[in-house]
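Read through the structure below, which is laid out as structure tokens, and then see the notes.
Values in this document were obtained by computation on a predicted structure and should not be read as measured data. Below, each value reflects all heavy atoms present in this structure, side chains not excepted, and no hydrogens, waters or symmetry copies. Residue numbers start from 1 in every chain, and the chains themselves are labelled A, B, ... in the order their sequence lines are given, proteins ahead of strands.
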2 protein chains.
Amino acid sequence: MTTTGADVAEEDRVFAALANATRREVLRLLREEGPQPVQTLADHFDMRRPSLSEHLKVLREAGLVSEQRSGRQRIYRLEAAPLADLQDWLHPYERFWRDRLKGLGALLDRMPDDDRT
Amino acid sequence: MTTTGADVAEEDRVFAALANATRREVLRLLREEGPQPVQTLADHFDMRRPSLSEHLKVLREAGLVSEQRSGRQRIYRLEAAPLADLQDWLHPYERFWRDRLKGLGALLDRMPDDDRT
DNA sequence: AGCATAAGTAGGAGATTCCCTACCCGTCAA
DNA sequence: TTGACGGGTAGGGAATCTCCTACTTATGCT
């Protein structure tokens, strides 16, 4: 678990990792079908395995997946901690859509955080 | 407001827009200090204005900011809808950190979504 | 030992990103 | 109307991304 202090480089790595449909699909597969070896993941993509390997490396370096060796297979598993951090990052923005639903948006948009009680 | 159907290209644009520290800082400034013209934003960055203009364009095309012309100024405003979508995208992953905190992580990691009640 | 399989690394091509300088367009003020 | 100002567009260069094919490494099977 990371502390609240936002390491910019780390944040960059997570957002950049997520900025690719293939890598987001890998995360979805790991979430819905559980940990699996590379080949099983690869079956879902129209892409050579080395390319997928590089995507997995990006995800690993962002801390979004971990690998566990089992024989000659490597089982990839979802690691959600960076996504929890992402939710934390999102929190200060929440009022911008919650308030808007209550019809207060236009007012609050013009009001800095500091002025709120 | 987007529907629940995830437009991949749109999602890509939002994640890609967020995968840059300058652009995230722009969003933070708009959130904390309210809508402002380009020059005021530019004061916070060690970067020429044309470069910032391009960052603003990326944010605009991701739907994360809107501009409103006022005389020869253009006032940029935070648009949080894509961030609300991002929070929705995050939801199915929540159990991976909530459950882990309860010590159920290892079990659920191995269990597909479909098997859950 | 000898071969097959799982998956990573090396290196390269083409596209994209991010910054720059130079220039253009619209608006306000003298 | 002429100039200054706010801000965008054009085009280019260095770095990075994303895919590929070829090759390497490690493990398991016979």
Quick one: [X] [atom1] to [N] [atom2], roughly how many Å, whole number?
{"X": "A:I75", "N": "C:dA7", "atom1": "CD1", "atom2": "C1'", "result": "12 Å"}
{"X": "A:K57", "N": "C:dA10", "atom1": "NZ", "atom2": "C1'", "result": "11 Å"}
{"X": "A:F15", "N": "C:dT17", "atom1": "CZ", "atom2": "P", "result": "17 Å"}
{"X": "A:L56", "N": "C:dA6", "atom1": "CG", "atom2": "P", "result": "16 Å"}

Which residues pass the side-chain hydrogen bond (donor to acceptor under 3.5 Å, both in side chains) test with [X], not counting sequence neighbours?
{"X": "A:D43", "value": "A:Q39"}
{"X": "B:S53", "value": "none"}
{"X": "A:S66", "value": "A:E79"}

- Query: Do you reckon B:L29 sits in the same ILVMFWY cluster as B:L64, going by side-chain contacts under 4.5 Å, direct or chained?
  - Reply: yes

- Query: Under a 4.5 Å side-chain heavy-atom rule over Ile, Leu, Val, Met, Phe, Trp and Tyr, are B:V58 and B:L78 clustered together?
  - Reply: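 No; tracing contacts between hydrophobic side chains, which count when under 4.5 Å, never links both residues.
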
- Has B:R23 got a side-chain N or O lying under 4.0 Å from the OP1 or OP2 atom of C:dC18? yes

- Message: Does a side-chain N or O of B:N20 approach OP1 or OP2 of C:dC18 to a distance below 4.0 Å, or not?
- Response: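 Indeed, a polar side-chain atom of B:N20 lies that close.
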
- Message: Assess the residue pair A:E54 and A:K57 against the criterion (salt bridge (Lys or Arg N to Asp or Glu O under 4.0 Å)); give the C-alpha distance rounded to whole Å, side-chain angles, the decisive distance to 0.1 Å, and a yes or no.
- Response: CA-CA 5 Å; A:E54 301 220 7; A:K57 184 179 181 180; over 6 Å; no

- Determine, for B:F96 and A:R31, whether the Lys NZ or Arg CZ falls below 6.0 Å from the six-membered ring centre while staying within 45 degrees of the axis.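 Judged by the rule (NZ or CZ under 6.0 Å from the ring centre, within 45° of its axis), A:R31 is not positioned above B:F96.
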
Residues that [X] engages under salt bridge (charged side-chain N to carboxylate O under 4.0 Å, His left out), provided they are two or more places apart:
{"X": "A:R24", "answer": "B:E11, B:D12"}
{"X": "B:E94", "answer": "B:R98"}
{"X": "B:R28", "answer": "B:E25, B:E32"}

- Message: According to side-chain contact (heavy atoms from CB on, under 4.5 Å), who are the partners of A:V38, at least two apart in sequence or on a separate chain?
- Response: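 Applying side-chain contact (heavy atoms from CB on, under 4.5 Å) to A:V38 gives A:R49, A:L52, A:L56, A:Y76.
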
Collect all protein-nucleotide pairs involving nucleotides 26-30 of chain C in which both atoms are nitrogen or oxygen and the distance is under 3.5 Å.
residue : atom : partner : partner atom : Å
C:dT27  : O2   : B:R72   : NH1          : 3.4

- Message: Judged by each residue's nearest nucleotide on DNA chain D, which is more toward the 5′ side, A:A16 or A:R69?
- Response: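 Nearest nucleotide further toward 5': that of A:A16.
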
- Query: Closest nucleotide of DNA chain D for B:R74 versus for A:V58: which of these residues is on the 5' side?
  - Reply: B:R74

- Do any of residues 43-55 of chain B sit with a heavy atom less than 4.0 Å from DNA chain D, and if so which? B:R49, B:P50, B:S53, B:E54

- Item | Listed partners of B:F15 passing ring-ring contact (aromatic ring centres under 6.0 Å, His included), at least two apart |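 Only B:W89 meet the ring-ring contact (aromatic ring centres under 6.0 Å, His included) criterion with B:F15.
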
- Can you give the first and last nucleotides of DNA chain D, 5' to 3', that have an atom under 4.0 Å from a heavy atom of chain B?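 For DNA chain D, the relevant span reads D:dA4 to D:dG11.
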
- Under 3.5 Å donor-acceptor, A:Q36 side chain and A:G34 backbone: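 Flag set: sc A:Q36 to bb A:G34 pair under 3.5 Å.
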
- Item | Between the first and last five pairs of the helix from C:dA1-D:dT30 to C:dA30-D:dT1, the angle of the axes, rounded to 10 degrees | 10°

